[in-house]
Amino acid sequence: MHIFSTGKEAFFSMKEIPVTLNQNPKAKPQDEGALGFGRIFTDHMFLMNYEQGKGWINPRIVPYGTFDMDPAAMVLHYGQAIFEGTKCYRREDGGLQLFRPADNLARMSRSAQRMGMPELDEETALEGLKQLVRTDADWVPHRDGTSLYIRPTMISTDVGLGVHASKTYLFYIILSPVGAYYKEGLKPVSIYVEDEYVRAVRGGVGFTKCAGNYAASILAGDIAEKKGFSQVLWLDGVEQKYVEEVGSMNMMFAYGNRIVTPKLNGSILPGITRDSVLKLARQLGFEAEEARLNVEEIFADAKSGKLTEAFGTGTAAVISPVGTLALRDEKVTVGDGGIGRISQKLYDTLTGIQYGRLPDENGWVVRL
Ligand SMILES: *Cc1c(COP(=O)(O)O)cnc(C)c1O
C-alpha cells in the first residue's frame, strides 16, 4: 500500500516507499508527563537492506517488531553498529517539524565510512524517515517540551566469525515519544572530570556514533554516578589534559560574552546542536570560538570566577548548564551554580526554533 504517494510527494520522492500498516496499534501513553526517555516505541519502523553489488535495497515501512538474528551475526561479535539521534517536534499549531535531519544522515555516512560500513543512501533514508514519522504522527506528544525521538541505526548482518567487513547490512529507524528533559525549567548538572579512563584516541572512532563508544563509557559513568555526579567529562586520550566532551553532549564555556568550545579533532563527536549553538551565538551577538582547552586552566578560571558559565549541548537536553565541576578531589561551582544568562538565552532561542515559536532564519527546520 502506498498511502503517502500524493501527487506532490511522488514528485519529490525518488523512490516510492511501501507501507504495511500495523493492524494491532498500541494504546498511546496516557500520561505525557511520565514518558521518560526511550522506553516506549511507536507502531511502525523503517527498514532498508544493503547487499554488496546491489547497494541499498527494499526500503519499507512495516509494523514495529523484533528481528530474527543468527547468533553468529557479525554485529553481535565485532560490533559494526552505528546510530543517530534526532527529533520531531510538535508546533503550537499542531504541525510537525524536524530539525536538520539531513545533517544526521550525513553524519551517519561519515560514521559508516570509518567503520568499514556502506555509506547511506541518504535521500531514501530521509524520505523513509519523513514517511515513518508521518505514519506515526499521532505518536508525537503534545505536552510542552516533549518530542518524538528518532533513532536511525545501521548494523552488519553477515553470518560468520571471520573478522572483516560484512557484505550485508540492515538500516532501520525506530521512534520513541520522549518526555520533557527539563520538567521545571533548565536545571544545572554536576560533572566529574574523568582522569583515568578515556573515551576516544587519535585516529580512533571518537567522531563516530558507533555503539562501542558508548559501551566503553558505561563503567566511568557508573563510577561517577556513585560519587554523586550526573555526567563524565572526558579528556583527550593522549595527554589527558584537554577537554573533549561529556557523555552525549559537546561542552561549551563562557567568559562574559565569549563562548569557547573544544575544536573538532577527530576524537570529539561533531554535534549538530554544537554547530547550531555556535551559529546562533554569533547571530545573537556573542563571540564564539573553537580552541584546545586545558582542563586545569578551565578549573582555575572557574575558581577565580573568570569562567562565568559552562554548558553541554546535545539533541536530548539541547542546553545543559553545568553547576559543579569536579577534578580529582576538588570541586568548584561554575558561576553562581545556577543557570547562566547565555545558557538560558541559547536554550530559549534554539528550542523556540525547534518548536516553531521563533522564525528559522538558518533553514534548519523541515516541516512535515
Ligand atoms: C550525539 C552526541 C553528541 C551530541 O550530538 P548532537 O548532534 O548535538 O545530538 C555529543 N557527543 C556525543 C558523544 C554524542 O554521542
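One-based numbering along the sequence shown. Every number for a ligand or one of its atoms is a count from 1 in the order of the listing. All values below were derived from every heavy atom in this structure, side-chain atoms included, with hydrogens, water molecules and symmetry-related copies excluded.
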* Against heavy atoms of Y214, which atoms of ligand 1 measure under 4.0 Å? -> 13 (C), 14 (C), 15 (O)
* Asked: Could an N or O of ligand 1 be found under 3.5 Å from any N or O of E245, whether backbone or side chain?
  -> yes
* **Lys NZ or Arg CZ of K187 over Y181 ring: under 6.0 Å, within 45°** => no
* Structure fact -> closest protein heavy atom to atom 5 (O) of ligand 1 is G271 CA, 3.4 Å
* **Polar atom proximity, G314 to ligand 1 (N or O, under 3.5 Å)** => no
* Structure fact -> One finds that the ligand 1 atoms under 4.0 Å from a non-hydrogen atom of G247 are 12 (C), 13 (C)
* Are Y192 and K227 linked by a side-chain donor-acceptor pair shorter than 3.5 Å? -> yes
* To do: Report yes if some N/O of N104 lies less than 3.5 Å from some N/O of ligand 1; otherwise report no.
  => no
* To do: Before accepting this row, confirm whether a basic side-chain N of the pair R274/E290 lies closer than 4.0 Å to the acidic partner's carboxylate O.
  => yes
* Check: T313 N/O within less than 3.5 Å of ligand 1 N/O -> no
* Asked: Do F37 and Y149 have their ring centres less than 6.0 Å from each other?
  -> yes
* Centroid-to-centroid, Y347 to F311, below 6.0 Å? -> no
* Provide, to 0.1 Å, the distance between atom 9 (O) of ligand 1 and the closest protein heavy atom, together with that atom's residue and name. => T315 OG1, 2.5 Å
* Short list, please: which atoms of ligand 1 are under 4.0 Å from a heavy atom of R199? -> 13 (C)
* If you measure only the distance, is there a donor-acceptor pair under 3.5 Å linking the side chains of Y169 and Q80? -> yes
* Structure fact -> In this structure, atom 3 (C) of ligand 1 is nearest to the protein heavy atom S248 O, 3.3 Å
* Can you sort out which atoms of ligand 1 are near M249, meaning under 4.0 Å from one of its heavy atoms? => 10 (C), 11 (N)
* To do: Output yes when the distance from some N or O of ligand 1 to some N or O of R107 is under 3.5 Å, and no in every other case.
  => yes
* Asked: So between K209, M251, R274, whose heavy atom ends up nearest atom 2 (C) of ligand 1?
  -> K209
* Starting from atom 8 (O) of ligand 1, locate the nearest protein heavy atom and write down its residue, its atom name and how far away it is, to 0.1 Å. => T273 OG1, 2.6 Å
* Asked: Less than 4.0 Å between a side-chain N and a carboxylate O, is that true for R100 and D275?
  -> yes
* **Polar contact flag, side-chain donor to acceptor under 3.5 angstrom, E244-N250** => no
* M108 reachable from I268 in the ILVMFWY side-chain graph, under 4.5 Å edges -> no
